[in-house]
Amino acid sequence: MALRLLGLAPTAMRALLVLLVLAPLCAARPRKGKDYYAILGVPDHTSDKVVLKKAYREKSLEFHPDKCVSTGSSTEECQAKFIEVSTAHEVLSDPEKKQIYDRDGEEGLKEGGNGGGKTGEEAKQMFRQFFGREPDGNVRIVNRGGQMMFMEEGEPGSQENIYDDSNATELTSDIYKAYVNERIEPWVIQFYKPNNDESVEIHDEYVKFADTFKAFLNVAVVNCRKQRDICSGASINDFPAFRWFPAEKDSPPEVFDEGTPSAKTLGKWANKLMPDHTTILEDKRQLRQWLDNQKLPTAVLFTDKSSAPPMWKALSREFNGRAALAVVLRCDKVGVFKTPLQREYDVKIPQIVKLDPVDEIGKVAEKFESAMRKDILNLWLIKIIAVGRKAGPAASFREWTKERLEAGDCGSGDSQFCFLWLKAGADPAVEDATRQLAQKYRTDPIKLMWVNIDVSFGLLEAFGIPEAEASDFFVAFRPKRSRFKVHTGPLRFAELDAFVDGVINGGPLEAKLKVPKIEL
Ligand SMILES: *[C@@H]1O[C@H](CO)[C@@H](O)[C@H](O)[C@H]1NC(C)=O
């Protein structure tokens, strides 16, 4: 025996000695029920929170279903072990419970009821940890034939979806993760419970809201009795709850704040939050500036509403970067109190028109005459874009009118290059040359304008051109610097092209404007 002992490694010997010394101490205090210290594998009577926590973390991982079942145990066994470990940790890390336990053992804690003195919330928390999901209703921990188990109490009443046959989409976890968490568009979501009276009451109104808005928005619902994880993840505690999830996926949702929910108040709320890429136009000057700054095809809605309608906002978002949408608000349907722009155009209210950016301002290129439905308008806008693409950006000279000058085109504050075609007659060869020129420079940041010299004869003086010459002229002009240069030589494409090219590549404009201010 002695020889054998000597044969043991010194560390093992020490361990043996420790055991021999400690064993009588443990035996001296028989504990009723389970030994929580042993369950966690920590020294008896320890109060060291760090030790307890570390032991708990390791053990709870060991009995987590993902790991525990793979080592050959059943889910029930893992569950029982997990509860045991959790309970042990919970008791030993709570000074009050620990004291009771140390004195009276497991029995002492049972007097508090509920499987070892756990509150409902603690049991729920343990449940979530073990199953990785929300429980249905309250959770109790019950003893089933000596094994502790979770029991979901459930909630009374229906669990069934109530929006399955409507325009409001019932979301499941997978869809929610893919489409709401990773959204690129706004979502309106009602979180409801089919066993909640207020949720049931709002059903018809929400369906009405969805019918109206589904063409413009993603309108959805989450049944929080079935999709409990979604609802707890979204921190929803009261039902029904309405949330607007903005298109930017990292922005927090907006909470409905329009009073009693109804189709109308929900509509108002959603409309207020809808992104709006439309431009509001009030008068001719604004309209001209807007048109002149467009590289995209344009469409204008005339409406009697006081803000852009949801459909127009939705289209402005969808076509953002492909078409420019504007709106003229508060038009008079009857036509008695017309707004200034309404007066300019022969439109019924509401009406959508495509404006021609090249020709005379105020010209309607096309009226949208079909039903005001989003799907139809969608096709119409796609057509407009396709046609616009074929024609290319406005490739022509624009008329330099008094209005355009006042709006800033080639006026004293304009820093761009202006090429002015002063027209005296209608020479087909010159028309052809300028058309080619406009085509070539259509994407350059220069302004090509024509003006009738018979009407605006003051221009001749401004550019120092003798009045006697009755022909067309071509002038390079930098309004902000009041500098210009008159083209000499034939008004043919090759010559004009060389002239324009020279000027925009830094050729000096030596002549100074001969008048203090240009008038048209
Ligand atoms: C969806 O809404 C439209 C009206 O926008 C309605 O005609 C249709 O019946 C609704 N569909 C369902 C499934 O309720």
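Just so you know, ligand 1 is whichever comes first in the structure, and atom 1 is the first atom listed for that ligand.
- An N or O contact shorter than 3.5 Å is missing between K214 and ligand 1 by distance.
- Remark: atom 2 (O) of ligand 1 lies closer than 4.0 Å to at least one protein heavy atom.
- Ion pairing between a basic and an acidic side chain is recognised when a charged N comes within 4.0 Å of a carboxylate O; R404 and E399 show no such pairing.
- A salt bridge links K423 with E431: the closest approach of a Lys/Arg side-chain nitrogen to an acidic carboxylate oxygen falls below 4.0 angstrom.
- Considering only non-hydrogen protein atoms, atom 13 (C) of ligand 1 sits nearest to D165 O, 3.9 Å.
- A salt bridge between D211 and K208 is absent, with no side-chain N of the basic residue lying under 4.0 Å from a carboxylate O of the acidic one.
- Listed by atom number, the atoms of ligand 1 under 4.0 Å from N167 heavy atoms are 1 (C), 2 (O), 3 (C), 8 (C), 10 (C), 11 (N), 12 (C), 14 (O).
- Counting protein heavy atoms under 4.0 angstrom from atom 11 (N) of ligand 1 gives one or more.
- Among protein heavy atoms, atom 5 (O) of ligand 1 sits closest to D211 O, 2.9 Å.
- Each of E170, E160, E134 was checked for a salt bridge (charged side-chain N to carboxylate O under 4.0 Å, His left out) with K226, and the lone residue meeting it is E160.
- Heavy-atom contacts from other residues, nucleotides or ligands closer than 6.0 Å to CZ of F131 number more than 12.
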